[in-house]
Participant: 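Would you mind keeping the following structure in view while I ask a few things?
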Amino acid sequence: MAEFTIYIGNKNYSSWSLRAWLMLKQTGAAFDEELIPIAQPTSRAEILRYSPSGKVPTLVHGDVTVWESLAIGEYLAEIFPAAKLWPESPSVRAVARAVSHEMHAGFMAMRRHFPMNMRSVFDRDIIPEIQGDLDRITALWRDCRQHYGAGGDFLFGEFGIADAMYAPVVSRFRTFKLPLEGETEAYAKAIEAWPAYQEWQAAARNEPMIVDQWEF
Ligand SMILES: N[C@@H](CCC(=O)N[C@@H](CS)C(=O)NCC(=O)O)C(=O)O
C-alpha cells in the first residue's frame, strides 16, 4: 500500500478529480487511487466513507485527510517543495493562486453548459454568458503565458497547480470544438502533450460508465 491514496470520480467526467490527480502526479510520489463512480444513488454514501464533504477528490496521507482540489494542491506544495507546484517568487505565486482560485470559484456558465466529457465531441451553441467565460479564460491564459511563461510551455513556465486547474478546461475546448488560436492553442497542446494528462485521458476513454446529466 502506498503512502498516499487519492479518491477520485469517473475519469471521463470528474474534472475536480483530474485536477488533484495531476497535482499529485507532479510530486512524483507513489500513490494508490480509488475510483468511486459519481452521480449514482450510492455515490454520496460511498464517498462519505472517505471524504467529509461527500465529494471527490480526497487525499489520504496517514492520519491526514484533505478534501477540496485546491487544498490538496496546497498540502502537496507544502510537503513536496521540490515539486515547485507554485512559482517561487511570492508576487508570481500570488498571481498563480489568483488564477487558480478564479477557476475554483467561477466560470459557472462554462461549467454548467460545457461539462467535462473527455472521450466525446459535441456541437453546442455558445450562449453569451458562456462566451464571457471563454473570453476571460483565454485572456488569462494569454496574459500568464506572456508575462510569466518564459521558463516553459505552461502558464508560469513549468507545470504547476494553475495548469492542473485549467487542464479540464482544455479538455472542454476540445469536446465542444471551441476555437483557440496562436498562444492559446499552443497552451492547449502543451497540456494535451503532458504525459500525466495523456495517462488520465487514455483511462477516461476506456471507462465503461456513462453519466447522462453532469454539470461539473
Ligand atoms: N470544490 C470541490 C468540488 C468537488 C466536486 O464537485 N466533486 C464532484 C465530482 S467532480 C463530486 O464529488 N460529486 C459527487 C456526486 O455527484 O456524486 C473541489 O474542488 O474538490
Side-chain angles (χ1 to χ4, degrees), residues 4-27 31-61 64-79 85-86 96-120 122 133 137 140 155 159-176 191 196-197 199-201 203-205 207-216:
F4 294 87
T5 302
I6 187 163
Y7 294 87
I8 55 173
N10 308 40
K11 290 193 171 178
N12 190 52
Y13 303 107
S14 182
S15 63
W16 298 109
S17 299
L18 168 57
R19 292 176 170 105
W21 188 91
L22 287 173
M23 296 170 198
L24 182 55
K25 278 295 252 193
Q26 192 60 8
T27 67
F31 63 90
D32 294 321
E33 64 180 51
E34 296 286 339
L35 192 153
I36 304 175
I38 49 179
Q40 305 302 311
T42 54
S43 300
R44 188 170 165 77
E46 183 63 16
I47 295 171
L48 276 170
R49 293 174 58 200
Y50 311 101
S51 168
S53 65
K55 304 259 186 212
V56 282
T58 289
L59 180 72
V60 176
H61 178 211
V64 181
T65 295
V66 193
W67 62 100
E68 286 291 327
S69 51
L70 259 180
I72 292 170
E74 292 287 4
Y75 180 69
L76 294 172
E78 283 186 19
I79 62 174
L85 288 171
W86 290 123
R97 283 199 166 109
V99 299
S100 299
H101 282 260
E102 191 174 344
M103 176 65 248
H104 198 238
F107 305 127
M108 299 310 289
M110 178 202 64
R111 286 160 58 182
R112 187 171 316 115
H113 297 285
F114 290 170
M116 189 169 94
N117 190 333
M118 282 192 121
R119 61 178 171 231
S120 306
F122 299 114
D133 282 355
I137 288 165
L140 174 164
L155 295 177
F159 188 93
I161 288 172
D163 302 293
M165 292 304 286
Y166 284 93
V169 179
V170 167
S171 168
R172 288 157 146 122
F173 268 83
R174 301 311 195 203
T175 295
F176 296 99
I191 292 284
Y197 181 90
E199 185 183 329
W200 177 284
Q201 187 173 44
R205 288 192 171 131
E207 230 170 34
M209 301 87 95
I210 293 175
V211 176
D212 288 335
Q213 292 289 327
W214 186 243
E215 287 198 355
F216 300 108

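In each ligand, atom 1 is the first atom listed, and ligand 1 is the first ligand listed.
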Participant: Could you tell me whether K55 and ligand 1 have an N or O pair separated by under 3.5 Å?
Facilitator: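 Checking ligand 1 against K55, no N or O pair falls under 3.5 Å apart.
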Participant: With heavy atoms only and a cut-off of under 4.0 Å, state how S43 meets ligand 1: side chain, backbone, both or neither.
Facilitator: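 The answer is the side chain of S43.
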Participant: Applying salt bridge (charged side-chain N to carboxylate O under 4.0 Å, His left out), name anything that partners R44, two or more places apart in sequence or on another chain.
Facilitator: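 Here no residue qualifies.
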Participant: A quick test of your reading: do over 12 heavy atoms of other residues, nucleotides or ligands sit less than 6.0 Å from CH2 of W67?
Facilitator: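 No, because the 6.0 Å sphere around CH2 of W67 holds 12 heavy atoms or fewer from other groups.
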Participant: Are V66 and H61 packed together at the side-chain level, in the sense that at least one heavy-atom pair is separated by less than 4.5 angstrom?
Facilitator: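 No, every pair of side-chain atoms sits at 4.5 Å or beyond.
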Participant: Quick one: which of M116, E68, M165 gives a side chain to side chain contact (heavy atoms under 4.5 Å, CB included) with W16?
Facilitator: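 Testing W16 for a side chain to side chain contact (heavy atoms under 4.5 Å, CB included) against M116, E68, M165 leaves exactly one candidate, M165.
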Participant: Applying salt bridge (charged side-chain N to carboxylate O under 4.0 Å, His left out), run through E33 and K11 and close with a yes or a no.
Facilitator: CA-CA 11 Å; E33 64 180 51; K11 290 193 171 178; 2.8 Å; yes
Participant: Given W16, Y13, Y7, which has its nearest heavy atom closest to atom 3 (C) of ligand 1?
Facilitator: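 Minimum heavy-atom distance to atom 3 (C) of ligand 1 goes to W16.
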Participant: Taking 4.0 Å as the limit for heavy-atom contacts, which would you say applies to S17 with ligand 1: side chain only, backbone only, both, or neither?
Facilitator: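 For S17, there is no contact with ligand 1 at all, from either part.
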Participant: Hey, is ligand 1 close enough to E68 that some N/O pair sits below 3.5 Å?
Facilitator: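 For ligand 1, there is an N or O atom that lies under 3.5 Å from one belonging to E68.
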Participant: Can you classify the ring geometry of W21 versus F31 as parallel (below 30°), tilted (30 to 60°) or perpendicular (above 60°)?
Facilitator: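 Ring orientation, 0 to 90° scale: perpendicular.
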Participant: Would you call H104 a ligand 1 contact, heavy-atom distance under 4.0 Å?
Facilitator: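 Yes; H104 lies near enough to ligand 1 that a heavy-atom distance drops under 4.0 Å.
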Participant: Hey, looking at atom 17 (O) of ligand 1, which of S69, S51, A39, A20 has the closest heavy atom?
Facilitator: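 Minimum heavy-atom distance to atom 17 (O) of ligand 1 goes to A39.
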Participant: Nearest non-hydrogen contact with atom 4 (C) of ligand 1 belongs to which option: V56, I38, T42, I8?
Facilitator: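 Ranked by closest heavy atom to atom 4 (C) of ligand 1, first place is V56.
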Participant: Report, in ascending order of atom number, the atoms of ligand 1 lying under 4.0 Å from any heavy atom of P57.
Facilitator: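 This gives 20 (O) as the contact atoms.
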